[in-house]
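The structure appears below as structure tokens.
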Amino acid sequence: MSVTYADVEAASGRIEGIAHRTPVLTSRTADARTGAALFFKAEPLQRAGAFKFRGACNAIAALSPEQRKRGVLAFSSGNHAQAIAYAGALQGVPTVIVMPHDAPAIKVAATRGYGAEIVTYDRYKEDREAVSQALAEARGLSMIPPYDHPDVIAGQGTAVKELIEEVGPLDVLLVCLGGGGLLAGSCLSAKALSPGVEIWGVEPEAGNDGQQSLAKGEVVRIPVPVSIADGALTTHLGRHTFPIIQREAAGIVTATDAQLVAAMRFFVERMKLVVEPTGCLAAAAAFEGAVSVKGKRVGVILSGGNVDPAALARHLAA
Ligand SMILES: *Cc1c(COP(=O)(O)O)cnc(C)c1O
């Protein structure tokens, strides 16, 4: 079953009134620096602080009444967990989130605060997929993965649909890349609404499995990368996401941690916006010239803003 732009349109209808239609921001300073017209889609202002809420909302809304009654399960300690917990709460669907026993207390508290039941596992002794699978089967829960799922991809595609509807056709589109849910969904919307657009994925330099996968023509798996871009530390693209990216994207470029910190600083100082390190990947590619943007109309997805204030302060002070 392959996902298409029609699925993004359906997702858009399902999440309307639940997910925010986030603003598109511009900056004369950023335009002057790059010689481009940059349009920043501000997903730090999305509910639960990241675009993941879109896919979570759509995937939950697409379940049957029976599945909704039983509830959903997600395994994650990051933005996907919070998105599922919050989207479930807003739609009256019980949620179970499987997290490592040593997950940061602040994240556990935030996820529980949205009403989710937290089940912990020992990350040194147990396999989280096995734990999740067993729990889902025992309790009849629907598992919603963070990126490799047609309804998740379709939901993530709504951000670029809104962006192009608001600002018109683009020459270039830059999208942060982890497992590829956001990039795949963005490809579907961008090619439908702005067919001439050139689409680039941007991943951490330390974890360029996407770049390697495009070069090799198949999904390449890497060890867990070390980067401050904690939302993009995936080890491989997905079965659903890779073919779309392979077909539609012009390529994949990378950003270093230092470039992400410089971009974070720019957004705080000049645009008064908190963007988490992962959320800065696409912007860093524009600022650092990893993709040529001069003289072009460029869409830049700022994917999320969930960074611990103490960590943000440390990054900015360094
Ligand atoms: C999950 C996430 C990403 C990566 O999204 P994929 O769909 O896995 O590629 C990028 N930025 C933020 C803030 C995220 O939470």
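Worth saying up front: this structure is predicted, and the values here are computed from it rather than measured. Order of listing sets the numbers, starting from 1, for every ligand and every atom in it.
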Query raised in the report: Is the shortest N/O to N/O distance between Gly180 and ligand 1 below 3.5 Å?
Result: yes

Query raised in the report: Do the charged groups of Glu165 and Arg21 touch, with an N to O distance under 4.0 Å?
Result: yes

Query - Protein heavy atom at shortest distance from atom 8 (O) of ligand 1 - result: Gly179 N, 2.8 Å

Query raised in the report: Is there a nitrogen or oxygen of Gly181 sitting under 3.5 Å from a nitrogen or oxygen of ligand 1?
Result: yes

Query raised in the report: Thinking salt bridges, do Glu43 and Arg54 make one under a 4.0 Å N-O criterion?
Result: yes

Query - Geometric cation-pi criterion, Arg33 with Phe266: 6.0 Å, 45° - result: yes

Query - Check: Asn79 N/O within less than 3.5 Å of ligand 1 N/O - result: yes

Requested in this report: Can you sort out which atoms of ligand 1 are near Gly178, meaning under 4.0 Å from one of its heavy atoms?
Outcome: 4 (C), 6 (P), 8 (O), 9 (O)

Query raised in the report: Mind checking whether Phe267 and Phe287 have parallel, tilted or perpendicular rings, split at 30° and 60°?
Result: tilted

Query - Pair Tyr121-Phe75, ring-ring contact (aromatic ring centres under 6.0 Å, His included): steps then yes or no - result: CA-CA 10 Å; Tyr121 70 98; Phe75 52 84; 8.6 Å; no

Query - atom 5 (O) of ligand 1: nearest protein contact (heavy atom, Å) - result: Phe51 CZ, 3.4 Å

Report task. List every atom of ligand 1 that sits less than 4.0 Å from any heavy atom of Gly231, numbering the atoms from 1 in the order shown and giving each element. Result -> 1 (C), 2 (C), 3 (C), 4 (C)

Report task. Indicate yes or no: at least one non-hydrogen side-chain atom of Arg139 is less than 4.5 angstrom from one of Arg70. Result -> no

Report task. Would you mind running through ligand 1 and noting each atom that sits below 4.0 Å from a heavy atom of Gly304? Result -> 13 (C)

Report summary line: heavy-atom search around atom 2 (C) of ligand 1 in the protein gives Lys52 NZ, 2.4 Å

Requested in this report: State whether the shortest distance between N or O atoms of Leu183 and N or O atoms of ligand 1 falls below 3.5 angstrom.
Outcome: no

Report task. Can you sort out which atoms of ligand 1 are near Thr278, meaning under 4.0 Å from one of its heavy atoms? Result -> 10 (C), 11 (N), 12 (C)

Requested in this report: Salt-bridge test for Arg221 and Asp209: reply yes if a basic N is under 4.0 Å from a carboxylate O, no otherwise.
Outcome: no

Report summary line: heavy-atom search around atom 13 (C) of ligand 1 in the protein gives Ser303 OG, 3.3 Å

Requested in this report: Of the side chain and backbone of Glu276, name the one, both, or neither that has a heavy atom under 4.0 Å from an atom of ligand 1.
Outcome: side chain

Query raised in the report: How are the rings of Phe53 and Tyr86 set relative to one another: parallel (under 30°), tilted (30 to 60°) or perpendicular (over 60°)?
Result: tilted

Query raised in the report: Heavy atoms, side chains only, cut-off 4.5 Å: are Phe40 and Thr26 in contact?
Result: no

